[in-house]
*Asks:* 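Shown below is the structure under consideration.
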Amino acid sequence: MNQNPTKHAKVLIIGSGPAGYTAAVYAARAMLKPIMVSGIEPGGQLTTTTDVENYPGFSKVIQGPWLMEQMKEQAKAVGTEMIEDHIASVNLKSKPFEAVGDGGRKYTADTIIISTGAQARWLNIDSEQKFRGFGVSACATCDGFFFKDKTVAVVGGGNAAVEEAIFLTKFALKVKLIHRRDSLRAEKMLQKKLMENKKIEIIWDSVVEEVIGDNKPKNVKGLKIKNVKTNKVEELKIDGLFIAIGHDPATQLFKDQLNMDKEGYLTTKPDSTETNIPGVFAAGDVKDKIFRQAVTAAGMGCMAALEAEKHLSNN
């Protein structure tokens, strides 16, 4: 006998985080008995974030993992079935939709809400991964506060990198922006703000070769950077490193089935979370590369559940 019979849901939510959990709360309260498959990182990017000060409803600083735990418990309390599995493949070409987990477990669904999120891109050098969380971060708004009166570096050249560099000047004594080219991709207005900021120094044509630091206690002391035009390597003294070279949406799974933009973000109809396949909805960072906030993701999760409910009652 099959240990894991096929599970059917009116609403299958793939991925967790603020979008998925909010969608689950709304779908469960509409008596749709949603099933959520939470993925490899339940709670998403917020579980790697410590202090959250910008989620409405909390006057005191809260912790990202705690907020996700609360959302999860709330979704469970109103009737969401939570399954710890990772979806390996989907078939959205026929109805009911079908999803298969890593271990071969099958799920079928009348509607699907995709909230698989995104991950920050890393430089992928060993020393960076070693000090990740100990002075190396991909989120200035999350971790900038810990570098009061210190010297930090930001890697990148787009809007995100420039915004992070400017944001970090609120806390840091000095911010060095390291970019591998000789001009920035960021909007002109932002560039102007950057150039006018006395605390920021731009290091052009350079890449990070190595993060240098101590092991006990683990902390970052400096960087080895290489000039790509002269190949000259120099050491910088810094206390923290912020990587701002973009995000990758977790959409591999939906290649050739759902419409996405050139960066791989799922595209939806205007003012809607519906994808190009009726009955399949996308919410949160998997489709949003502009705001990328917990509160906007939660808002989209709500929209997706309401749209799924409407789709089910019309069909």
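One is the number of the first residue; the rest follow in order along the sequence. All of these numbers come straight from a predicted model, not from anything done at the bench.
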*Asks:* Does T267 form a side chain to side chain contact (heavy atoms under 4.5 Å, CB included) with T275? I'd like the steps, not just the answer.
*Replies:* CA-CA 6 Å; T267 51; T275 64; over 6 Å; no
*Asks:* Tell me whether E201 contacts the main-chain N or O of K174 through its side chain, where contact means a donor paired with an acceptor under 3.5 Å.
*Replies:*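 A pair under 3.5 Å: no.
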*Asks:* So V100 and R105, do their side chains get closer than 4.5 Å, heavy atoms only?
*Replies:*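 Of all side-chain heavy-atom pairs linking V100 with R105, none is under 4.5 Å.
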*Asks:* If you measure from CG on L258 to CG on L266, what distance do you get to the nearest 0.5 Å?
*Replies:*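 It is 5.5 Å, given to the nearest 0.5 Å.
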*Asks:* Would you indicate whether the side-chain heavy atoms of L177 and L184 approach each other to under 4.5 Å?
*Replies:* yes
*Asks:* For F145, which residues count as a side-chain contact (heavy atoms from CB on, under 4.5 Å) partner, sequence neighbours excluded?
*Replies:* K148, F171
*Asks:* Applying side-chain contact (heavy atoms from CB on, under 4.5 Å), name anything that partners K170, two or more places apart in sequence or on another chain.
*Replies:* F167
*Asks:* With rounding to the nearest 0.5 Å, note down the distance linking CG in L312 to OG1 in T111.
*Replies:* 4.5 Å
*Asks:* Identify which one of K221, K224, K226 satisfies the salt bridge (charged side-chain N to carboxylate O under 4.0 Å, His left out) criterion when paired with E210.
*Replies:*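 Testing E210 for a salt bridge (charged side-chain N to carboxylate O under 4.0 Å, His left out) against K221, K224, K226 leaves exactly one candidate, K224.
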*Asks:* Looking at residues at least two apart in the chain, or sitting in another chain, which of them share a side chain to side chain donor-acceptor pair (under 3.5 Å) with T273?
*Replies:* E307
*Asks:* Looking at W204, is its backbone amide N or carbonyl O close enough to the side chain of S206 to form a donor-acceptor pair, meaning the two atoms are under 3.5 Å apart?
*Replies:*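 Side chain of S206 to backbone of W204: a pair is present.
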*Asks:* Is it true that atom NZ of K95 has more than 12 heavy atoms of other residues, nucleotides or ligands lying nearer than 6.0 Å?
*Replies:* yes
*Asks:* Return the minimal non-hydrogen interatomic distance between A118 and H247, and the atom names on each side.
*Replies:*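 For A118 and H247, the tightest heavy-atom pair comes out as CB-CB, 4.4 Å.
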*Asks:* With a 4.5 Å cut-off on side-chain heavy-atom distances among I, L, V, M, F, W and Y, is there a chain of contacts connecting M36 to I114?
*Replies:*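 Unlinked, M36 and I114 end up in two clusters.
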*Asks:* According to side chain to side chain donor-acceptor pair (under 3.5 Å), who are the partners of K193, at least two apart in sequence or on a separate chain?
*Replies:*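 Result, side chain to side chain donor-acceptor pair (under 3.5 Å) vs K193: none returned.
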*Asks:* CD1 of I112 to OH of Y107: how many Å apart, nearest 0.5 Å?
*Replies:* 12.0 Å
*Asks:* Please name the pair of heavy atoms, one in R180 and one in V207, separated by the smallest distance, quoted to 0.1 Å.
*Replies:*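 Reported closest heavy-atom pair: CB-CG1, 3.7 Å.
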*Asks:* Quick one: which residue pairs count as a side chain to side chain donor-acceptor pair (under 3.5 Å) with a foot in residues 128-139, not counting sequence neighbours?
*Replies:* Q129-R132, K130-N215, S137-D143
*Asks:* Please examine the side chains of V90 and E98, heavy atoms only from C-beta on, and report whether any two atoms are closer than 4.5 Å.
*Replies:*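 No. Closest side-chain heavy atoms not under 4.5 Å.
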*Asks:* With a cut-off of 6.0 Å (strictly less than), are more than 12 heavy atoms of other residues, nucleotides or ligands near CZ of F58?
*Replies:*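 It does: F58 CZ has more than 12 such atoms within range.
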*Asks:* Is there a side-chain contact between V155 and F242 in this structure, where contact means two heavy atoms from C-beta onward sitting under 4.5 Å apart?
*Replies:* no
*Asks:* Would you check, one step at a time, whether the test side chain to side chain contact (heavy atoms under 4.5 Å, CB included) holds for I202 with L194?
*Replies:* CA-CA 9 Å; I202 305 175; L194 181 86; 3.5 Å; yes
*Asks:* Checking N276 side chain against N259 main chain: does a donor-acceptor pair fall under 3.5 Å?
*Replies:*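 Side chain of N276 to backbone of N259, a donor-acceptor pair under 3.5 Å: yes, one is there.
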*Asks:* Would you say that more than 12 heavy atoms from the other residues, nucleotides or ligands in this model lie under 6.0 Å from the NZ of K255, or not?
*Replies:* yes
*Asks:* Please say whether more than 12 non-hydrogen atoms of neighbouring residues, nucleotides or ligands are located less than 6.0 Å from CD1 in I125.
*Replies:*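 Counting neighbours around CD1 of I125, more than 12 heavy atoms of other residues, nucleotides or ligands fall under 6.0 Å, so yes.
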*Asks:* If you define the side chain from C-beta out and look only at heavy atoms, does anything of I166 sit under 4.5 Å from V175?
*Replies:* no
*Asks:* Side chain to side chain contact (heavy atoms under 4.5 Å, CB included), that's the test. Do L241 and V211 meet it? Break it down for me.
*Replies:* CA-CA 8 Å; L241 174 66; V211 181; 3.8 Å; yes
*Asks:* Please list all pairs meeting side chain to side chain donor-acceptor pair (under 3.5 Å) that have one or both residues in residues 65-83, counting only residues at least two apart or in different chains.
*Replies:*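 Found K7-E81.
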*Asks:* If you measure from CE on M195 to NZ on K188, what distance do you get to the nearest 0.5 Å?
*Replies:*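 Rounded to the nearest 0.5 Å, the CE-NZ separation comes to 9.0 Å.
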*Asks:* Would you say F97 ends up clustered with I87 if hydrophobic residues are merged whenever their side chains have heavy atoms under 4.5 Å apart, either directly or through other cluster members?
*Replies:*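 Yes, one cluster joins them.
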*Asks:* Could you give all pairs that pass the salt bridge (Lys or Arg N to Asp or Glu O under 4.0 Å) test and reach residues 278-292, with sequence neighbours left out?
*Replies:*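 As it turns out, the salt bridge (Lys or Arg N to Asp or Glu O under 4.0 Å) pairs with a partner in residues 278-292, which skip direct neighbours, are D261-K289, E263-K289.
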*Asks:* More than 12 foreign heavy atoms under 6.0 Å from CG of N315: is that the case here?
*Replies:* yes
*Asks:* Donor-acceptor pair, R121 side chain versus I245 backbone, under 3.5 Å?
*Replies:*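 Yes, because the side chain of R121 sits within donor-acceptor range (under 3.5 Å) of the backbone of I245.
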*Asks:* For residues 228-240, which side-chain donor-acceptor pairs fall under 3.5 Å, sequence neighbours excluded?
*Replies:*
residue: K229; atom: NZ; partner: D182; partner atom: OD2; Å: 3.2
residue: T230; atom: OG1; partner: K232; partner atom: N; Å: 3.2
residue: D239; atom: OD2; partner: T151; partner atom: N; Å: 2.9

*Asks:* Kindly indicate whether the side chain of L67, heavy atoms from C-beta on, has any atom under 4.5 Å from the side chain of Y55.
*Replies:* yes
*Asks:* In the single-linkage hydrophobic clustering (I, L, V, M, F, W, Y; side-chain heavy atoms under 4.5 Å), do I225 and V220 co-cluster?
*Replies:* yes
*Asks:* Sequence neighbours excluded, which residues qualify as side chain to side chain donor-acceptor pair (under 3.5 Å) partners of K269?
*Replies:*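 With sequence neighbours excluded, K269 shows a side chain to side chain donor-acceptor pair (under 3.5 Å) to E274, given in chain and number order.
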*Asks:* Are there over 12 heavy-atom neighbours, none belonging to N124, within less than 6.0 Å of that residue's CG?
*Replies:*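 Buried by this count: over 12 neighbours within 6.0 Å.
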*Asks:* Quick check: closest heavy atoms across A244 and E164, and the distance to 0.1 Å?
*Replies:* CB-OE1, 4.1 Å
*Asks:* How far apart are the closest heavy atoms of G264 and T251, and which atoms are they?
*Replies:* O-OG1, 2.6 Å
*Asks:* Can you tell me how far the CG atom of D248 sits from the OH atom of Y265, to the nearest 0.5 Å?
*Replies:* 7.0 Å
*Asks:* For residues 23-41, which residue pairs pass the side chain to side chain donor-acceptor pair (under 3.5 Å) check, not counting sequence neighbours?
*Replies:* E41-T47
*Asks:* Does anything in residues 8-23 form a side chain to side chain donor-acceptor pair (under 3.5 Å)? List the pairs, not counting sequence neighbours.
*Replies:*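 Every side chain to side chain donor-acceptor pair (under 3.5 Å) pair that includes a residue of residues 8-23, provided the two are not neighbours, is H8-T108, H8-D110.
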*Asks:* Answer whether the closest heavy-atom distance between the side chains of N219 and F134 falls below 4.5 Å.
*Replies:*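 The answer is no; the side chains never approach within 4.5 Å.
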*Asks:* Does the side chain of L123 come within less than 4.5 Å of I243's, by heavy atoms?
*Replies:* yes
*Asks:* If you round to the nearest 0.5 Å, how far is CD1 of I13 from OG of S115?
*Replies:*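 Answer rounded to 0.5 Å: 6.5 Å.
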*Asks:* Under the rule for side chain to side chain donor-acceptor pair (under 3.5 Å), what residues qualify as partners of K310, not counting sequence neighbours?
*Replies:*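 Listed in chain order: nothing, the list is empty.
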*Asks:* Would M303 end up clustered with I113 when hydrophobic side chains under 4.5 Å apart are linked, directly or stepwise?
*Replies:* no
*Asks:* Looking at every heavy atom in both A23 and A305, which two are closest together, and how far apart are they?
*Replies:* O-CB, 3.4 Å
*Asks:* Would V295 and M71 show up in the same hydrophobic cluster when neighbours are defined by side-chain heavy atoms closer than 4.5 Å?
*Replies:*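 They do share one cluster, since a chain of ILVMFWY contacts under 4.5 Å joins V295 to M71.
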*Asks:* Provide the closest heavy-atom pair for Q293 versus N54 in the form atom of the first, atom of the second, distance.
*Replies:* OE1-ND2, 3.5 Å
*Asks:* Report yes or no: does H179 contribute a side-chain atom to a donor-acceptor pair with the main-chain N or O of S183 at less than 3.5 Å?
*Replies:*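 Indeed, once roles are kept as given, a pair shorter than 3.5 Å links the two residues.
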